[in-house]
K.L.:
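One structure coming up, written as structure tokens, with questions to follow.
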Amino acid sequence: SITQCWILINTCRTFGSGVVQPFNDSVFYVRSNCPFTLTHFTHNRVECDITTRRGDNGLLVQVEIIINKVRTVLQNGSIQVERKSVSLPYDHTYQHIFHYGIYTKLRSSLLPLSVTWHNVPGGIDTLWVELEQELSTDMTGLCGKHNGTGNQKVVMESVLADDTCQTRDPTSVGSPECGTFFSHTLECLQARVRQYLDLCEKNIYKYEMSKGVTCSFFKEIVQQCENTSRVWDIWRSVTKCDKPDCPGDLIYVEQGPAFVPSCTNPNPRFSNQDYISTCVCPEGKVLNDQADGFHCVSVSSCPCVFAGKSYSTGDMRSTKCQSCKCDSGKWRCSENICPARCVIEGQHVTTFDGKEYVLPGKCTYVALQGFNWTIKIEFSEKAPSLKTVAFLLFQVQADFEDNVLVFWQSSMYIHFHTSLGMKIEVQMSPEIQLYITPPANHTGMISGLCGNNNNDTTDDFTTTSGIIENSAQPFAQSWSVGDCAVDIPDTCINKDNEIFADEKCSVLNNPDGIFAECHGHIPTDYYHRACILRTCNCGSSLQQCLCVALSSYAKACASLGVVVGDWRKATNCTVTCQKNQEFTYDTQACNHTCRSLSGPDPRCGVDDAPVEGCGCPEGTHLNQGNICTRKADCVCHYYGGTVPPGSVIIFFLVDFQSDRSICNSGCYCPEGQYEDHRGNCVTRDNCTCVYSGKVFSPGQHVKTNCKTCTCGQGQWHCKDEPCPGKCQVYGNGHYQTFDSKWYRFDGHCQYTLVEDGCENRNGTFSVRVESVPCCDEALTCSRAIILDLQGEVTLTLSDMNVTRQNHVGWTLQEDPLYSIHTVGLYIIISVPSRGITLIWDKHTRITIELHEGWRNLVCGLCGNFDSNEMNDLKISGSAVASSPMAFGNSWKAATPPCSDVTTEIFPCERNSYCSAWAQRRCMIIRGDTFKACHFKVDPEPYYHACVQESCSCEFEGKFLGFCTAVAAYAEACSDQDVCVNWRTPDLCRKLRYYFPH
């Protein structure tokens with residue numbers, strides 16, 4: 001069902017020495033030191049029980065809150081959850097506890113309930129229970145659903161009496177203090193003055209000297225008067241109630257923001273309910289929440305934080321590629337000055353623009369090609385590792401030496417530079433791996449497995465025929481030379497190897513391990529998956545394959561100038577050097593050979609980063625016998641540079657002829673005709689095209705990636721078409737951004753999915769999201785979504801319903817601002833005037849569609865919608881790219897306060913015994929069931945998300961998470977016009993209500 005209504009907040013209060021104001025706004029007094037049930041009810045099968053006990057001083061000395069069997073006890077000024085003392089803010093899957101002005105608040109994640117209290121010496125003087133729902137019919141306790149006429153009966157039913165406590169009849173004795181106070185409240189309380197005066201006298205009797213009892217009563221009564229009432233200004237002087245003390249530099253105000261503006265959130269958003277008695281900084285200053293204590297500073301003096309370290313305003317931090325300056329609590333960073341680089345490490349490829357994928361077969365491919373050159377790679381037939389790298393340069397006249405410089409930089413790396421400005425680095429041992437930096441000013445198009453280096457990841461899968469494929473396999477096969485079979489396993493083929501890989505590759509994720517220094521700069525998820533796949537399918541030495549995979553992450557870190565320490569020693573990957581050479585992580589070739597002493601060393605003019613490997617230590621030079629010697633022991637050389645001794649692995653083909661035809665016997669099409677994809681000889685105008693494994697005739701159209709493409713002369717000719725951006729989140733924190741960046745982040749707080757208030761712009765909308773846990777606290781069973789159309793209305797999607805809260809001054813318009821529809825099992829909210837559509841499955845899955853006009857204008861966990869996935873993980877308010885964990889933490893909603901996620905959870909490592917089960921079940925995504933969709937939608941990210949979802953190994957994890965993940969892929973296929981009937985009576989059928997087709 002869909003309900004649209006004001007958000008109704010029912011509040012029960014108890015304060016003073018025993019005043020109780022139930023949810024129905026009646027009021028009565030109980031004088032007792034016995035424990036009482038304040039409220040007890042069940043909502044959505046979640047039980048809530050709150051009990052209180054007052055001491056002889058009249059104050060609450062113990063409050064026990066039990067929600068879904070999690071017990072929280074407030075006693076002696078401390079907070080204990082499950083018998084463990086906690087500090088604030090405290091964030092549990094089921095509940096959050098945080099400072100709320102001068103109060104403390106507990107907010108449940110399972111129920112629309114919060115509990116707020118105020119500590120004073122001796123106990124708690126005020127406690128509120130707030131429910132954002134209709135009252136349950138089964139509710140019991142002092143707060144319960146009753147009409148006020150039977151208060152004595154309610155007290156009798158709610159008391160949890162024992163032999164050591166007493167409940168007394170209240171005594172009402174005239175009090176001058178009460179009379180004086182209420183003489184100033186006649187205007188606002190009117191007819192209720194007599195009732196409250198009676199309560200005041202009962203409350204104050206025997207506690208005249210207790211400021212906790214008397215002042216809390218007066219304060220609660222004042223809060224029932226309008227903010228403009230005169231009583232707000234005088235009540236403290238009339239009652240002699242002092243203002244509360246504030247810590248540090250903070251000052252007390254009667255009405256102010258519940259959450260103090262801070263360096264982290266200098267302009268937090270508030271609702272009307274969030275203005276209460278609080279401690280704030282002096283005007284013009286904010287709280288420095290990045291340091292201990294309560295110190296107020298100007299925004300311009302706020303520090304910055306990166307990778308857990310604090311930096312003062314004006315401080316700089318730099319990597320090899322970028323420098324950043326701390327300015328007013330935000331990082332201002334220079335442009336990335338490092339050139340783009342294509343990486344081919346085994347079957348794993350990263351394009352110039354940062355797209356990561358896996359090659360399907362051990363074939364020969366065109367890695368990169370330009371106007372008159374090509375780089376080809378050939379894989380070994382035995383293992384998914386490179387066998388040959390070939391650079392082919394075609395030109396009419398050239399001097400080879402003027403165009404190519406090749407040298408060994410260390411025992412492990414060969415460097416190759418051309419006059420075009422292109423740099424090629426080849427790791428030679430223990431496996432061949434390729435790193436290509438494109439020409440600095442490539443005016444002509446470059447293409448191949450490495451992409452086109454145009455800062456747009458959406459077109460990296462452009463095939464040889466000019467169309468953009470949606471998955472890696474057809475794209476890679478289009479760049480193969482000759483036939484290319486799919487023969488590289490995408491799962492582990494050996495169980496013992498898999499166990500070894502799971503254990504050893506986890507070193508990459510260890511937050512305290514050797515690689516932790518780099519976690520803030522480069523996420524480990526891609527490298528961790530690659531490590532497991534490469535190691536468990538290793539054909540020879542497992543340890544060697546592991547070391548190759550770990551070196552890929554270490555090299556990526558080194559490319560940014562981040563030193564991870566002696567990782568080879570820590571992981572048993574040490575390198576043995578020949579003769580008297582020494583291993584280092586920063587070997588350089590310049591002036592390190594005897595030959596370089598006889599003349600200028602051309603390698604010194606090359607701007608190259610140091611690499612690891614064996615070489616000569618400082619003060620020695622490498623002679624022709626590969627021995628490090630002193631200068632005096634070096635033989636002299638005539639000038640005439642030659643390429644250092646190397647391997648035949650790399651070869652160069654320089655062709656001085658424009659006609660390169662070679663005659664081979666065989667069957668060919670007649671002159672002027674070409675073989676099409678069906679094996680027929682046709683004229684060029686009748687050549688066919690291929691897309692997603694299907695053959696298209698000339699003139700046929702297809703739509704893909706915001707383009708309409710027409711087949712002509714064997715090539716696709718594409719025109720751009722505006723299309724919306726789509727972001728989705730589901731399960732335990734699997735995100736796909738508008739630019740198709742996949743990452744995982746699972747936090748307990750409320751986070752901004754998308755908003756347009758970026759870079760100090762005035763925003764018009766925001767979408768925030770918060771996880772709602774299952775009964776198993778490790779799992780997320782649903783999400784609460786808040787769509788805030790600022791200045792107009794806020795829509796909250798939770799508990800399978802939609803509720804509306806109108807903003808002050810906004811009324812329903814003749815032309816509706818938004819529409820809400822139920823389509824199948826989904827709720828769809830559309831805001832046509834803003835170009836915003838939300839699709840919610842009533843559980844964990846939320847999809848946001850934005851009109852093309854929002855491109856480059858939004859930010860949040862869904863990225864910036866600029867067609868480049870490489871810059872999606874930017875910290876809020878900064879140009880700093882980061883790990884998913886730091887990125888997610890930075891997009892916490894400012895209110896309420898919530899602690900950062902500090903440890904990334906890997907479900908398949910936590911429940912390693914479930915990994916095989918999860919992989920087996922999730923193979924449905926890679927298998928024949930969805931085969932028709934594989935070329936349309938890349939199954940890999942959906943498969944990996946499915947495995948993570950299924951690794952929780954509880955009933956809900958096995959089926960709820962698994963079915964959500966498969967349904968997500970099925971819907972992506974449906975968007976590409978591939979409908980798959982994947983559900984069966986034994987597979988997700990029973991949970992059909994939760995997960996639609």
Side-chain angles (χ1 to χ4, degrees), residues 7-16 18-23 25 27 36-41 48-54 59-67 70-75 77-81 86-92 94-120 123-133 135 141-143 212-213 215-224 244 246 252-260 268 270-280 750 895-898:
I7 295 178
L8 177 66
I9 299 180
N10 293 294
T11 304
C12 171
R13 303 169 186 264
T14 180
F15 50 91
V19 180
V20 179
Q21 186 174 1
F23 289 120
D25 274 342
V27 63
F36 278 84
T37 296
L38 190 63
T39 186
H40 180 275
F41 63 93
C48 172
D49 186 33
I50 303 176
T51 60
T52 60
R53 183 171 65 82
R54 294 186 179 274
L59 299 174
L60 292 170
V61 293
Q62 185 179 52
V63 178
E64 184 176 270
I65 305 165
I66 302 176
I67 302 173
V70 174
R71 182 171 178 262
T72 303
V73 177
L74 317 178
Q75 191 171 22
S78 68
I79 304 170
Q80 288 192 334
V81 180
V86 300
S87 57
L88 303 186
Y90 168 75
D91 301 294
H92 184 274
Y94 290 159
Q95 63 189 27
H96 305 275
I97 308 175
F98 47 88
H99 292 297
Y100 187 74
I102 63 171
Y103 302 89
T104 306
K105 191 169 209 172
L106 179 152
R107 187 169 66 86
S108 172
S109 300
L110 293 173
L111 297 172
L113 170 138
S114 63
V115 182
T116 307
W117 64 92
H118 181 237
N119 287 308
V120 294
I124 293 171
D125 65 356
T126 304
L127 185 138
W128 311 327
V129 178
E130 294 172 306
L131 270 173
E132 294 182 15
Q133 66 172 49
L135 302 178
L142 296 178
C143 290
V213 168
C215 293
S216 64
F217 177 88
F218 294 134
K219 188 174 190 310
E220 285 296 314
I221 300 303
V222 168
Q223 290 192 86
Q224 300 192 32
C246 291
Y252 177 80
V253 293
E254 293 285 7
Q255 291 284 298
F259 310 109
V260 185
F270 305 106
S271 66
N272 291 335
Q273 290 98 351
D274 288 336
Y275 281 86
I276 59 169
S277 300
T278 185
C279 294
V280 298
Q750 189 180 107
T895 57
C898 187

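Here the structure is a predicted model, which is why all the values come from computation and not from measurement.
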K.L.:
Could you tell me if the side chain of Gln95 sits less than 4.5 Å from the side chain of Ser109, heavy atoms only?
P.N.:
no

K.L.:
To the nearest 0.5 Å, how far apart are CD1 in Ile50 and OG1 in Thr37?
P.N.:
10.5 Å

K.L.:
Where is the tightest heavy-atom contact between Phe98 and Leu88, given as atom of each residue plus distance?
P.N.:
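Nearest pair, atom of Phe98 first, then Leu88: C-CD1, 4.2 Å.
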
K.L.:
With side chains defined as the heavy atoms from C-beta onward, is the minimum distance between Leu142 and Pro22 less than 4.5 Å?
P.N.:
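The answer is no; the side chains never approach within 4.5 Å.
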
K.L.:
Measuring only between side-chain heavy atoms, which start at C-beta, is Tyr94 closer than 4.5 Å to Val81?
P.N.:
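They are not in contact (no side-chain heavy atoms under 4.5 Å apart), so the answer is no.
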
K.L.:
Specify the closest pair of heavy atoms between Phe15 and Ser216, including all atoms of both residues, with the distance to one decimal.
P.N.:
CD1-O, 4.2 Å

K.L.:
Enter the distance from Glu220:CD to Thr14:OG1 here, rounded to the nearest 0.5 Å.
P.N.:
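With rounding to 0.5 Å, CD (Glu220) is 9.5 Å from OG1 (Thr14).
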
K.L.:
Any side-chain heavy atom of Leu131 sitting closer than 4.5 Å to one from Phe41?
P.N.:
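Yes - at least one pair of side-chain heavy atoms lies under 4.5 Å apart.
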
K.L.:
So which atom in Cys143 and which in Phe23 form the shortest heavy-atom distance, rounded to 0.1 Å?
P.N.:
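Closest approach of Cys143 to Phe23, heavy atoms only: O-CD1, 2.9 Å.
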
K.L.:
How long is the span from the OG1 atom in Thr11 to the CD atom in Glu132, to the nearest 0.5 Å?
P.N.:
9.5 Å

K.L.:
Quick one: pull up CZ in Phe36 and CZ in Arg53 and give me the separation to the nearest 0.5 Å.
P.N.:
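Rounded to the nearest 0.5 Å, the CZ-CZ separation comes out at 12.0 Å.
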
K.L.:
Carefully, step by step, assess Gln21 and Gln224 under the rule side-chain contact (heavy atoms from CB on, under 4.5 Å).
P.N.:
CA-CA 12 Å; Gln21 186 174 1; Gln224 300 192 32; 3.8 Å; yes

K.L.:
Within a strict 4.5 Å, meaning less than it, do heavy atoms of the Thr72 and Ile97 side chains meet?
P.N.:
yes

K.L.:
Hey, what's the ring geometry for Tyr100 with Phe259, parallel, tilted or perpendicular (30° and 60° as the breaks)?
P.N.:
perpendicular

K.L.:
If you look at every heavy atom in Leu113 and Cys48, which pair is closest and at what distance?
P.N.:
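Distance-wise, the nearest heavy atoms are CD1-SG, 3.9 Å.
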
K.L.:
Might you work through the side-chain contact (heavy atoms from CB on, under 4.5 Å) test for Tyr103 and Ile276, ending with a clear yes or no?
P.N.:
CA-CA 9 Å; Tyr103 302 89; Ile276 59 169; 3.6 Å; yes

K.L.:
Salt bridge or not between Glu130 and Lys105? Use side-chain N to carboxylate O under 4.0 Å.
P.N.:
yes

K.L.:
Scan side-chain atoms only and decide if His40 and Asp49 contain a donor-acceptor pair under the 3.5 Å cut-off.
P.N.:
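On atom types as modelled, these side chains do not qualify, holding no pair under 3.5 Å.
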
K.L.:
Do Val73 and Gln62 come within less than 4.5 Å of each other through their side chains, counting heavy atoms only?
P.N.:
yes

K.L.:
To check you understand the geometry: which heavy-atom pair defines the closest contact between Thr104 and His99, and what is its length?
P.N.:
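Smallest heavy-atom distance, with atoms named: OG1-ND1, 4.3 Å.
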
K.L.:
Would you check, one step at a time, whether the test side-chain contact (heavy atoms from CB on, under 4.5 Å) holds for Cys12 with Thr39?
P.N.:
CA-CA 9 Å; Cys12 171; Thr39 186; over 6 Å; no

K.L.:
Drop me the distance from Arg71's CZ to Ile65's CD1, to the nearest 0.5 angstrom.
P.N.:
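So the CZ of Arg71 and the CD1 of Ile65 are separated by 11.0 Å.
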
K.L.:
Mind running side-chain contact (heavy atoms from CB on, under 4.5 Å) on Leu106 and Ile67 for me, showing each step along the way?
P.N.:
CA-CA 11 Å; Leu106 179 152; Ile67 302 173; 4.3 Å; yes

K.L.:
Val63 and Ile124: which non-hydrogen atoms are nearest, and at how many Å?
P.N.:
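For Val63 and Ile124, the tightest heavy-atom pair comes out as CG2-CD1, 4.1 Å.
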
K.L.:
With the side chain counted from C-beta on, respond yes when Val213 and Asp125 share a heavy-atom pair under 4.5 Å apart, and no when they do not.
P.N.:
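A side-chain contact under 4.5 Å is absent here.
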
K.L.:
Answer whether the closest heavy-atom distance between the side chains of Trp117 and Asn119 falls below 4.5 Å.
P.N.:
yes

K.L.:
Using a 3.5 Å distance criterion without hydrogens, assess whether the side chain of Ser277 forms a donor-acceptor pair with backbone atoms of Glu254.
P.N.:
yes

